[in-house]
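A short worksheet on the structure shown next.
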Amino acid sequence: MSGWIVINELRSSWLQAHYFFRLASRLDYKLEKGPSPSIRFPKSGPYDERLGYGQIPEYTKSLTTRGFVVTEQVRMSPALLESPLAPIYAEKDQAGLMLLDHNQRLLYALLSPTRTYASFDSIPKILIDTLLFIEDKELLNSHYPMRNPAVNWSRLDRALFDQALHVIHRQHDTPGASTLATQIEKYRHSPEGRTLSIHEKFLQMDSASIRSYLQGMDNMANRHQIVLAYLNTVPLTARMGYGEVNGLGDGMWMWYGRDFQEVNHLLQLHGDESLQQRAEAYKQALSLIIAQRRPSYFLREGSPVLMQMTNHYLKLLGSAHIISPALQRAALSLPLHLNHGPLIPQANSFVSHKAVNLLRNDLLSLLHITNLYALDRIDLNVKTTLDGDAQRAVTNLLRQVQSPAGARAAGLYGHNMLGENDNPQRLSFSFTLFERSSNSNLLRVQTDDLDQPFDINSGARLNLGSTSKLRTLITYLEIMTRLHQSYADMNQKDLQKIQAGSQDTLTRWALTYFVENPHSRLQDMLEAAMTRTYSGNPAEAFFTGGGLQKFKNFEPEKDDGIMTVREGFQHSVNLVFVRLMRDIVHHYEAQTLSVGVVGLVKTTPSNYNPITGSTTGTAEVSVNPSQQIQLSLFADREGREFLFRFYKKYKGKSPDEMLQTLVDGIHAKPKNLALIFRSVEPEASFLQFTAFMHHQLPEAELDEKSLQILYDKFAVEKYSLMDRGYLAGIHPLELWLVGYLFHHPKATLTQLVETSAQQRQEVYQWLFKSHNKKVQESRIRQMLELEAFQMIAADWRRLGYPFESLTPSYATALGASGDRPDSLAKLMGIVVNKGLLMPMVELQELQFAKGTPYETHFVSQPAAGVRMLPVEVTEVVRRSLIDVVQGGTGIRLKDGLVQKNGQVIEIGGKTGTGDQRFVSYAPNGKLIASRAVNRSATFVFLIGDRFFGTVTAYVHEPYAADYKFTSAMTVQLLKSLLPVLGMPAS
């Protein structure tokens, strides 16, 4: 009787079904609110590693430090927590990264494997019969509906016998006893996807057994799922240019270049119909079913052996009547041609993926994942802030305006836009749109029509022209705010005692203002500051950036005008802002003088016009002798301050990154570059110097003789540190620090301070020892200007300016220092949020491992906004931006948006046109040639109190010189985009 029970159990698994079904019901889990106190994550297994399940604790640490909180997470039952097995659940055959827009509509999905069977019934019967014949003949035996598919007792007994014999006779083979169910457990959850011990084999069998009874004791449906899962996910090694290959569908595509739908159609045919094609597809599929035993070998160097084994099994399958004699004969006559070379990636449109790639790169940073390949295979759903419909609509319109007909329909031809013969196809357009929410700025649209990886919005340092006037205006108003804080509450007597620096026009004006308007409110003072006047006359030459420079206005009719700061901003008058930048620079120079050099230098006032509020002429700077002790103290204190600033700028950078950052802050002339390189790497060979120069100036015509002259002329021993800094247009201490860190990258700030004592003295004392008064004054003024621009750069960076340094020239007010559209958008966000820097949010919710025992949900909870500007400053700036549209350079958008109820939503913004040029110089500094490298036009805008962003047009060489468009074109483009965004323009 007992023998019959055992035999019946081995056939039917009746007792196993009851036991494993009850056990499976205890190994449960459920999703609940908040972080889980009862959850464990897998520590090994290719499946769990690929889908990111084992890394969720690390992701949690990273996300919680970046403003995300766990809102939901799985709670595991006590039995599941204590189980030594991998959690039992209905595992996914397909998973990967999915990005959704803010309306939960799909933006992007990369599910792996890509080509799968949707159901058991969709698998060609010949494939099922073939797989079972080779791997697991009893799996779908319906006579025993409760049979345990994880154990094949005859194969297990044979395997144990072979293992025992192998101990005695090492040459004896030890074939495995794996069923399809245990094979799936092995390649998914065992370390490295392999069976490393008998213990590991029994763990696989236990897990597979429990999983087989998840839905009930009758597990025929589950056994169908085993076949489906195996064919969908069996590992078939990796292919260069693609990565890991799993599943028959991806395997047929990767190793044989076969369309999966076509293969399945052929395998479902019968008789003589398409026999040769069917035989080829079948033989290829059969080879992959066999190759899974040793895929790395069979699908590479072992392909001849794979051919032999495939033919062997064709004969066995024919003898067993699994395939017809005709199919067998046809297949045996065919060769196998595996694709072994690197896979040529499919051409994808960069245009349609710009925003998606931005989000994916943000996820890389957020989760500390090293590459997009790994990210795309994580089981992760992300809700983003993007508006998918708007994103697609804007992208389509930007594509349309690249044709003449589309550009005409958008109104892009005309004065200061495209000329009649201009081809818009050579232009690239970009657009970003943010929406202000209660606690953050939400990215709604970011796109461009440039079909390259380069991202116009954030990918380069572009000359965005007069948009820099917005940054300059804000700096000006911040200075006025600080002056208000310093003087507003002083009485008349104290105000009259204060002696402003002779060059500091802004402080002089503030003192005069408070004498006439005691205890004035900040708002009133800022409004008055906007009425200060400047001349638009371009005749004056300005000593800035190490030499005399002249500037001109875009509109000549502004040349003879005297206008207010507000009018200069509204009409984007260059000379107004050059003079305003000069006053800002002089103000910062005076701050430097006031803290350390009072009595050390004396200045002769420039000519100040109290009626127009403008300064003409040039202030003279000279030295007060016999102040060496004070000078030494000043040099030490001032030098330390700048050393700290430069250390912060270069901290964490590699030597090459430091050198490039230094180069990025100057005009790239051969002389300047040679000075920098020979200062930083004085021992470098001529070949190294040549490679550096050609890398920095790839278009320059620098022959070997010219380079040798530069190499010899600027050897480090030929110039003092002060001379080298002066000639290169770089603060000498910055040049010294980069050179020192280049060769001592691990040096601490303390070491730098100790080592630089002599250099700090040299930099400042040498200035005052020159016997040439003109040289002396020139170098003092240049040093003060360099330091002033360091301070201005710090102000700009605080408000989101993306680069470490500014070009030390008044031309920075006109765009010479470059910018990025996305950085301008962030600055506009501060204005729209009334001076608060609000977090820029692109990723709102992250959902890991949905439907699994590891499911974890995160939601972004941005930090509170940080006050960057007073409300009063942003109110003045906002009104000035609206003035630009109402009567200035953005007049095409005048009167804003009219809603259905007749209410007008105001639009404001700042225009900017950039013409970036590559300039070639001879070794003696003489200009050889100048050509347009790129031309850009930008409009940074706000729409009401809710939306803001940028729109940019860009064209690069060799076509840049052919176009004369200005930012009028981007203003018009925004007007055309408003209806697409659901904002009908008036």
Side-chain angles (χ1 to χ4, degrees), residues 434 436 441 464-485 506 510 521-532 534 563-573 576-577 580-581 583-584 587 792 795-801 812-815 819 821 823-838 865-891 893 896 905-912 938-950 967 971:
F434 288 88
R436 182 176 69 87
N441 297 322
L464 300 181
S466 290
T467 56
S468 289
K469 291 171 184 169
L470 174 59
R471 295 194 186 276
T472 304
L473 178 65
I474 291 174
T475 298
Y476 169 62
L477 294 174
E478 282 195 280
I479 290 172
M480 289 299 172
T481 301
R482 291 193 291 269
L483 291 171
H484 183 275
Q485 293 169 346
L506 300 184
R521 297 181 309 151
L522 175 60
Q523 189 71 41
D524 295 332
M525 181 188 178
L526 296 179
E527 292 292 345
M530 292 296 290
T531 65
R532 291 183 62 249
Y534 286 94
M563 61 205 80
T564 64
V565 174
R566 177 176 283 110
E567 291 169 335
F569 186 79
Q570 182 181 29
H571 297 285
S572 202
V573 182
V576 168
F577 272 80
L580 178 59
M581 178 59 84
D583 281 353
I584 291 171
H587 174 78
I792 296 169
D795 285 346
W796 285 25
R797 285 197 303 272
R798 183 174 56 83
L799 297 177
Y801 184 70
T812 283
L814 312 181
D819 214 324
S823 299
L824 284 171
K826 291 174 184 177
L827 177 63
M828 188 63 79
I830 295 174
V831 175
V832 170
N833 284 284
K834 299 182 178 181
L836 290 176
L837 175 62
M838 304 299 289
V866 178
R867 172 65 59 189
M868 306 302 291
L869 294 172
V871 173
E872 294 88 346
V873 169
T874 60
E875 287 178 350
V876 172
V877 173
R878 188 177 189 280
R879 282 196 297 275
S880 298
L881 292 166
I882 291 171
D883 287 345
V884 169
V885 170
Q886 288 298 105
T889 53
I891 198 168
L893 287 166
I905 300 176
E906 293 179 313
I907 298 178
K910 183 68 193 81
T911 56
T938 300
F939 186 53
V940 53
F941 61 85
L942 59 84
I943 302 175
D945 295 323
R946 185 174 166 192
F947 295 100
F948 61 94
T950 60
S967 50
V971 175

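Computation of the quantities below employed the complete heavy-atom set of this structure, encompassing side-chain atoms and omitting hydrogens, waters and symmetry-equivalent molecules. This structure is a prediction, so every number in the text was calculated from the model and none was measured.
Here the OG1-CZ distance, from T950 to F939, works out to 11.0 Å after rounding to the nearest 0.5 Å. With rounding to the nearest 0.5 angstrom, the CG atom of L799 is 11.5 Å from the OG atom of S823. Of the inter-residue distances, the one linking Q886 atom CD with L881 atom CG reads 12.0 Å to the nearest 0.5 angstrom. The distance from atom CD1 of I584 to atom OG1 of T475, rounded to the nearest 0.5 Å, is 5.5 Å. Taking CG of D795 as the start and CE of M868 as the end, the distance is 10.0 Å to the nearest 0.5 Å. Between the OG1 atom of T911 and the NE2 atom of H571 there is a distance of 11.0 Å, given to the nearest 0.5 Å.
Smallest separation of non-hydrogen atoms from L483 and L506: CD1-O, 3.7 Å. Closest of all the heavy-atom pairs between S468 and T812 is CB-O, 3.4 Å. Residues L522 and H484 share a closest heavy-atom pair of N-NE2, 3.2 Å. Here the closest heavy-atom approach between residue F434 and residue A825 is recorded as CE1-CB, 3.9 Å. Annotation for L477 and M530: closest pair CD2-SD, 4.0 Å, computed over non-hydrogen atoms. Taking each heavy atom of P870 and T481 in turn, the nearest pair found is CG-CG2, 3.8 Å.
Side-chain contact between F577 and Y534: absent, with no pair of heavy atoms (C-beta onward) separated by less than 4.5 Å. Annotation: side chain of M480 is not in contact with side chain of V876 (no heavy-atom distance under 4.5 Å). Inter-residue side-chain proximity for F948 and V831 is flagged as unmet; no heavy-atom pair is nearer than 4.5 Å. Side-chain contact between V573 and E567: absent, with no pair of heavy atoms (C-beta onward) separated by less than 4.5 Å.
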Exercise. Please walk me through it: do R867 and L836 pass side-chain contact (heavy atoms from CB on, under 4.5 Å)?
Worked result: CA-CA 4 Å; R867 172 65 59 189; L836 290 176; 3.9 Å; yes

For this session: Could you check I943 against R946 for side-chain contact (heavy atoms from CB on, under 4.5 Å), going step by step and ending with a plain yes or no?
Result: CA-CA 6 Å; I943 302 175; R946 185 174 166 192; over 6 Å; no

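No option in R436, K834, R878 other than R878 meets the salt bridge (charged side-chain N to carboxylate O under 4.0 Å, His left out) test with D945. Just one of V877, I474, N833, L837 meets the side-chain contact (heavy atoms from CB on, under 4.5 Å) condition when paired with L869; it is I474.
E527 and R566 are joined by a salt bridge, as a carboxylate oxygen and a charged side-chain nitrogen come within less than 4.0 angstrom of each other.
The backbone N or O of A529 sits less than 3.5 Å from a side-chain atom of Y476, completing a donor-acceptor pair.
There is no side-chain donor-acceptor pair under 3.5 Å between T467 and T938. Using a 3.5 Å distance cut-off with no hydrogens or angles, the side chains of K910 and S572 do pair a donor with an acceptor.
For the pair K469 and F569, the NZ or CZ position fails the cation-pi test of under 6.0 Å to the six-membered ring centre and within 45 degrees of the ring normal.
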